[in-house]
Novice: 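Would you mind keeping the following structure in view while I ask a few things?
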Amino acid sequence: MQFIRLTSGISINYQDTGKKSAPVIILIMGLGAQMTVWPDELYQGLVEKGFRVIRFDNRDVGLSSQLDELGQPSLFRNWISKHLRLKTHAPYKLEDMANDVLQLMAALNIKKAHLVGASMGGMIAQIIAAKHRKKVLSLTSIMSSPSAATSTPKLSLLLRLARPPIKTNREAAIRYNIKMNRLISGSAYPIDESRLRTHATLNIDRAHNPAGVRRQLVAITTSRDRHKLLKKIKASTLVIHGSDDPIISVAGGKETAARIRKSKLKIIDGLGHNFPPVLMSQMTKWIAKHATKAEKKRRLKKKSKAIKLKELSND
């Protein structure tokens with residue numbers, strides 16, 4: 001894992017695996033989740049499929065810059081301000097986080113990439129795909145939605161997300177992580193308790209910044225609705241969602257697919273808001289197949305353009 005300082009001054013911790021000449025897939029993680037939440041089975045699986053795969057910690061999470069100097073924004077006040085069309089006081093928006101991805105690409109000299117975003121990461125990927133179309137080869141939006149309004153978590157879950165324990169010891173933080181992962185899981189995929197504890201322990205020991213979670217949550221709730229924006233996306237799009245998702249209801253996935261022209265929707269029965277190990281092989285195949293198909297289309301288009309230019313020059 002490596003660090004890179006963006007032109008904005010933010011430091012990003014990232015992992016870059018695979019041949020440098022291979023097509024690039026960038027994995028963008030969700031709210032409060034470190035890049036290690038992307039399962040190794042999926043990450044390494046995509047590398048084995050012939051891709052150069054990059055995952056990273058978003059700002060305010062993991063080992064990337066912790067923006068504590070921006071303070072603790074009020075989720076309730078910002079939510080009220082947005083709905084009353086008053087000025088919000090969010091430390092940053094999803095657009096700023098999208099710009100982090102673009103700056104990371106520029107720093108790594110990546111001109112185009114396949115974007116795969118989960119939850120909040122899906123929202124960030126949607127913004128990039130709509131506003132920076134030439135940089136996106138394909139889009140895979142997982143357990144995401146077009147706006148905070150179509151993200152309808154149960155009230156109890158929303159309160160837990162909005163109020164994570166700020167001051168706590170290591171064991172309490174691990175217990176909180178385990179409890180949240182139990183709550184967001186679906187009905188069809190039982191949780192392996194030992195794996196859950198191991199994963200929680202590794203993540204808490206790697207980094208723990210609950211204050212950053214609240215700032216990211218405010219970024220989600222105060223950012224603009226993307227319903228109209230999604231219609232501008234031209235990249236080949238795959239939408240994956242679980243039928244039992246308690247954080248972003250399946251309606252969010254359906255709405256995303258409905259707004260993006262010619263997108264494909266895959267609903268997984270019984271899946272919640274997580275990545276069950278048993279599904280990773282299949283999900284890896286879906287993403288790799290989707291990106292590979294987009295690569296073939298790009299090559300054919302490039303070849304066709306070259307032939308036309310040659311014919312014009314001969315004339």
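The basis for the numbers below is simple: all heavy atoms, side chains too, and nothing from hydrogens, waters or symmetry mates. The structure displayed is predicted, hence computed values, not measured ones.
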Novice: Working to the nearest 0.5 angstrom, can you tell me the gap between Ile204 CD1 and Tyr176 OH?
Specialist: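 Interatomic distance, Ile204 CD1 to Tyr176 OH, rounded to 0.5 Å: 10.0 Å.
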
Novice: Verify side chain to side chain contact (heavy atoms under 4.5 Å, CB included) between Asp244 and Leu271, making sure each step is shown before the conclusion.
Specialist: CA-CA 5 Å; Asp244 286 9; Leu271 175 64; over 6 Å; no

Novice: Taking all non-hydrogen atoms of both residues, which atom of Thr256 and which atom of Ser144 are closest, and how far apart?
Specialist: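 Heavy-atom minimum between the residues: OG1-O, 3.9 Å.
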
Novice: To the nearest 0.5 Å, tell me how far Leu6 CG sits from Gln103 CD.
Specialist: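 The CG atom of Leu6 sits 5.0 Å away from the CD atom of Gln103.
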
Novice: Roughly how far, to the nearest 0.5 Å, is the OG atom of Ser194 from the NE2 atom of His199?
Specialist: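 Here the rounded value is 13.0 Å.
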
Novice: Excluding sequence neighbours, so at least two apart, what forms salt bridge (charged side-chain N to carboxylate O under 4.0 Å, His left out) with Arg133?
Specialist: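 Partners of Arg133 under the salt bridge (charged side-chain N to carboxylate O under 4.0 Å, His left out) test: none.
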
Novice: Between side-chain atoms of residues 117-127 and protein atoms elsewhere (two or more places apart, or another chain), which donor-acceptor pairs fall under 3.5 Å?
Specialist:
unit_1 : atom_1 : unit_2 : atom_2 : d
Ser119 : OG     : His273 : NE2    : 2.9
Gln126 : OE1    : Arg226 : NE     : 2.9
Gln126 : NE2    : Ser141 : OG     : 3.3
Gln126 : NE2    : Ser145 : O      : 3.4

Novice: Grab the two heavy atoms, one from Val136 and one from Ala129, that are nearest each other, plus how far apart they are.
Specialist: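 Nearest pair, atom of Val136 first, then Ala129: CG2-CA, 3.7 Å.
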
Novice: Look only at the side chain of Asn274 and the backbone of Pro276, and say whether a donor-acceptor pair between them is shorter than 3.5 Å.
Specialist: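 No: the side chain of Asn274 does not pair with the backbone of Pro276.
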
Novice: Testing the basics here: between Met35 and Phe56, what is the closest heavy-atom pair and its distance to 0.1 Å?
Specialist: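 Smallest interatomic distance, heavy atoms only, reads CB-O, 3.2 Å.
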
Novice: Are more than 12 heavy atoms, taken from residues, nucleotides or ligands other than Lys112, located less than 6.0 Å from that residue's NZ atom?
Specialist: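 Buried by this count: over 12 neighbours within 6.0 Å.
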
Novice: Answer yes or no: is there a donor N or O on one side and an acceptor on the other, between the side chain of Gln282 and the main chain of Val278, under 3.5 Å?
Specialist: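 Not at all, since once roles are kept as given, no pair shorter than 3.5 Å links the two residues.
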
Novice: Looking at Lys232 and Ala130, what are the two nearest heavy atoms and their distance?
Specialist: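 Looks like CB-O, 4.1 Å.
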
Novice: Run the numbers on Glu41 and Arg195 for salt bridge (Lys or Arg N to Asp or Glu O under 4.0 Å), then give the verdict.
Specialist: CA-CA 14 Å; Glu41 299 96 321; Arg195 184 183 176 108; 2.9 Å; yes

Novice: Sub-3.5 Å donor-acceptor pair from the side chain of Thr140 to the main-chain atoms of Ile287, do we have one?
Specialist: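 Not confirmed, Thr140 side chain does not pair with Ile287 backbone.
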
Novice: Please output the side-chain donor-acceptor pairs of residues 16-30 that fall under 3.5 Å, not counting sequence neighbours, one pair per line with the distance.
Specialist:
unit_1 : atom_1 : unit_2 : atom_2 : d
Asp16  : OD1    : Arg52  : NE     : 3.0
Asp16  : OD2    : Arg52  : NE     : 3.3
Asp16  : OD2    : Arg52  : NH2    : 2.7
Thr17  : OG1    : Tyr43  : OH     : 2.9

Novice: At what distance, to the nearest 0.5 angstrom, does CG of Leu196 lie from CZ of Arg182?
Specialist: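 So the gap between those two atoms works out to 6.5 Å.
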
Novice: Between Glu171 and Arg197, is there a salt bridge with N-O shorter than 4.0 Å?
Specialist: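 A salt bridge is present here (some side-chain N lies under 4.0 Å from a carboxylate O).
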
Novice: According to a 4.5 Å side-chain heavy-atom criterion applied to Ile, Leu, Val, Met, Phe, Trp and Tyr, with indirect links allowed, do Leu94 and Val116 form part of one hydrophobic cluster?
Specialist: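 No, because Leu94 and Val116 fall into different hydrophobic clusters, even though each may have its own neighbours under 4.5 Å.
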
Novice: Can any side-chain N or O of Gln34 pair as donor or acceptor with the backbone N or O of Ala207 at less than 3.5 Å?
Specialist: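 Yes.
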
Novice: Test side chain to side chain contact (heavy atoms under 4.5 Å, CB included) on Val239 and Lys266 and set out the steps.
Specialist: CA-CA 6 Å; Val239 178; Lys266 290 186 181 293; over 6 Å; no

Novice: Please report the closest heavy-atom contact between Arg59 and Ile12, naming both atoms and the distance.
Specialist: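 So the minimum-distance heavy-atom pair works out to N-CD1, 4.3 Å.
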
Novice: Could you tell me which non-hydrogen atom of Gly270 sits nearest to which non-hydrogen atom of Ser243, and how far apart they are?
Specialist: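 Residues Gly270 and Ser243, closest heavy atoms: N-OG, 2.7 Å.
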
Novice: Under 4.5 Å between side-chain heavy atoms, counting indirect links through other Ile/Leu/Val/Met/Phe/Trp/Tyr residues: same cluster for Ile110 and Val53 or not?
Specialist: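 Not linked; separate clusters.
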
Novice: Hey, what do you get for OG (Ser64) to CG (Asn58), rounding to the nearest 0.5 Å?
Specialist: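 Between atom OG of Ser64 and atom CG of Asn58 there are 7.5 Å.
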
Novice: So, does Asn99 use its side chain to make a donor-acceptor pair with the main chain of Glu95 at under 3.5 Å?
Specialist: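 Checking the backbone N and O of Glu95 against the side chain of Asn99, no donor-acceptor pair under 3.5 Å is found.
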
Novice: Is there a donor-acceptor pair under 3.5 Å between the side chain of Asn181 and the backbone N or O of Asn177?
Specialist: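 At least one qualifying donor-acceptor pair exists.
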
Novice: Got more than 12 heavy atoms from elsewhere within 6.0 Å of NZ, Lys93?
Specialist: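 Correct, the count exceeds 12.
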
Novice: Between His241 and Ile248, is there a donor-acceptor pair closer than 3.5 Å when you use the side chain of the first and the backbone of the second?
Specialist: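 Checked: pair present.
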
Novice: To the nearest 0.5 Å, what is the distance between CG on Asp60 and OG on Ser65?
Specialist: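 Going from CG on Asp60 over to OG on Ser65, the span is 8.5 Å.
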
Novice: Do Val37 and Leu217 belong to the same hydrophobic cluster, where Ile, Leu, Val, Met, Phe, Trp and Tyr are linked whenever their side-chain heavy atoms lie under 4.5 Å apart, directly or via other members?
Specialist: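 Result: no, two separate clusters.
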
Novice: Is there a continuous path of hydrophobic side-chain contacts, each under 4.5 Å between heavy atoms, that joins Val213 to Val61?
Specialist: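 They do not share one cluster, since no chain of ILVMFWY contacts under 4.5 Å joins Val213 to Val61.
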
Novice: What class does the angle between the rings of Phe51 and His114 fall in, given that below 30° is parallel, 30 to 60° is tilted and above 60° is perpendicular?
Specialist: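 Rings of Phe51 and His114: perpendicular, over 60°.
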
Novice: Could you check Ile142 against Met283 for side chain to side chain contact (heavy atoms under 4.5 Å, CB included), going step by step and ending with a plain yes or no?
Specialist: CA-CA 10 Å; Ile142 306 172; Met283 195 172 288; 4.3 Å; yes

Novice: I'd like to know if Asp40 pairs up with Arg55 as an ion pair, taking the criterion as any Lys NZ or Arg NE/NH1/NH2 lying under 4.0 Å from an Asp or Glu carboxylate oxygen.
Specialist: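 A salt bridge links Asp40 with Arg55.
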
Novice: Look only at the side chain of Gln216 and the backbone of Gly32, and say whether a donor-acceptor pair between them is shorter than 3.5 Å.
Specialist: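 At least one qualifying donor-acceptor pair exists.
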
Novice: Keeping the roles fixed (side chain from Asp68, backbone from Ala211), state whether a donor-acceptor pair exists under 3.5 Å.
Specialist: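 Not at all, since once roles are kept as given, no pair shorter than 3.5 Å links the two residues.
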
Novice: Quick one: do Leu139 and Ile240 end up in the same hydrophobic cluster if we chain Ile, Leu, Val, Met, Phe, Trp and Tyr together by side-chain heavy atoms under 4.5 Å apart?
Specialist: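 Hydrophobic grouping puts Leu139 apart from Ile240.
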
Novice: Is the side chain of Gln15 donor-acceptor paired with the backbone N or O of Ile54 at a distance under 3.5 Å, no angle test?
Specialist: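 No; judged by distance alone, with no hydrogens or angles, the pair does not exist.
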
Novice: Run the salt bridge (Lys or Arg N to Asp or Glu O under 4.0 Å) test on Glu255 and Arg259 for me, step by step, so that the C-alpha distance in whole Å, both residues' side-chain angles and the decisive distance to 0.1 Å come before the verdict.
Specialist: CA-CA 6 Å; Glu255 188 67 18; Arg259 294 281 173 168; 3.0 Å; yes

Novice: Might you work through the salt bridge (Lys or Arg N to Asp or Glu O under 4.0 Å) test for Asp57 and Arg206, ending with a clear yes or no?
Specialist: CA-CA 12 Å; Asp57 289 329; Arg206 181 174 182 265; 2.9 Å; yes

Novice: With no hydrogens and no angle check, just 3.5 Å: does a side-chain donor-acceptor pair link Asn203 and Thr36?
Specialist: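 Distance-only check passes for Asn203 and Thr36.
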
Novice: Does Leu279 form a side chain to side chain contact (heavy atoms under 4.5 Å, CB included) with Trp286? I'd like the steps, not just the answer.
Specialist: CA-CA 11 Å; Leu279 288 177; Trp286 285 344; over 6 Å; no

Novice: Which of these passes side chain to side chain contact (heavy atoms under 4.5 Å, CB included) with Pro91: Thr222, Asp96, Leu70?
Specialist: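 Of Thr222, Asp96, Leu70, side chain to side chain contact (heavy atoms under 4.5 Å, CB included) with Pro91 is met by Leu70 alone.
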
